[in-house]
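Step one of this worksheet: look at the structure below.
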Amino acid sequence: MTTKTAFTTDEWNLLRSVPAILAAGVSTSDPSGLFGTLKEAAGGMKGMVEALKAASGVELAQEMLADQSIPGMPDPKSLLGEGNREQQVQSLRKASFEEVRRAVDLVASKATPAEVEAYKGMLMSVATTAANAAKEGGFLGFGGERVSGAEQGFLDELKDVLKV
């Protein structure tokens, strides 16, 4: 079983910051306005907590759940890059998947296979819950779709990155 002590401070921060980066990546793939974005961010964090709780027999998941500190986040410019809004959205998408790969590779190098699968499952839960948190399109809450094509594309690419 793998505990927090198996990771350096920077590594532990990476494992804990990736869910928020993923939620942001989903949300910006098809922005839902201020309230929709807030719902998607909160949904992503709800998905993380639920997935970690569901992995009750996995020590790494329980250590992550027990850590109530706020992880340090990368500098937004390092995730967004330069350019217009569309270029920044693409940069965030690319950076999100790069951070996911780094985190999963790190867990795979230090944790048990069950812990790797629990971590991957938690990341998938974050992205899926965030994508489902707010409707895209529609007017005043009527109509629209729960998961837009752009969000589904993000989820599909995440599945490829996670190899799930």
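Every value quoted in this text rests on a predicted model; they were computed, and no experiment measured them.
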In short, Thr2 meets Ala6 closest at the heavy-atom pair CG2-CB, 3.7 Å
Nearest heavy-atom contact between Ser125 and Gly47 is OG-O, 2.9 Å
By ring pair (Phe, Tyr, Trp, His ring centres under 6.0 Å), Tyr119 pairs with (sequence neighbours left out) none
Residues 155-164 vs salt bridge (charged side-chain N to carboxylate O under 4.0 Å, His left out), sequence neighbours excluded, gives Arg93-Glu157
Would you say Leu123 and Pro19 make side-chain contact, with heavy atoms under 4.5 Å? yes
Between Ala108 and Val116, the two heavy atoms sitting closest are CA-CG2, 3.6 Å
Exercise. Side chain of Ser96, backbone of Leu92: donor and acceptor closer than 3.5 Å?
Worked result: yes
Listing, residues 55-67 side-chain donor-acceptor contacts under 3.5 Å, not counting sequence neighbours, or none:
{"residue": "Gln62", "atom": "NE2", "partner": "Leu52", "partner atom": "O", "Å": "3.0"}
{"residue": "Gln62", "atom": "NE2", "partner": "Ala55", "partner atom": "O", "Å": "2.9"}
{"residue": "Glu63", "atom": "OE1", "partner": "Lys4", "partner atom": "N", "Å": "2.9"}
{"residue": "Asp67", "atom": "OD1", "partner": "Ser69", "partner atom": "N", "Å": "3.0"}
{"residue": "Asp67", "atom": "OD1", "partner": "Ser69", "partner atom": "OG", "Å": "2.6"}
{"residue": "Asp67", "atom": "OD2", "partner": "Lys4", "partner atom": "NZ", "Å": "3.4"}
{"residue": "Asp67", "atom": "OD2", "partner": "Trp12", "partner atom": "NE1", "Å": "2.7"}

The side chain to side chain donor-acceptor pair (under 3.5 Å) partners of Lys110 (sequence neighbours excluded) come to Glu11
What one should report as the nearest heavy-atom pair of Val26 and Glu151 is O-CG, 3.9 Å
The side-chain hydrogen bond (donor to acceptor under 3.5 Å, both in side chains) partner of Gln90 among Lys94, Glu86, Gln88 is Glu86
Sequence neighbours excluded, the answer for side chain to side chain donor-acceptor pair (under 3.5 Å) partners of Glu50 is none
- 4.5 Å side-chain heavy-atom contact, Ile21 and Met73: yes
Run Phe154 and Leu22 through side-chain contact (heavy atoms from CB on, under 4.5 Å) and show every step you take. CA-CA 10 Å; Phe154 188 97; Leu22 259 183; 3.7 Å; yes
In short, salt bridge (charged side-chain N to carboxylate O under 4.0 Å, His left out) pairs touching residues 70-82 with sequence neighbours left out are none
Under 3.5 Å, is there a donor on one side chain and an acceptor on the other for Thr112 and Glu115? yes
_Glu98/Arg101 ion pair, N-O < 4.0 Å_ = no
Decide yes or no for Ser91 and Leu79: does some side-chain heavy atom of the first lie under 4.5 Å from some side-chain heavy atom of the second? no
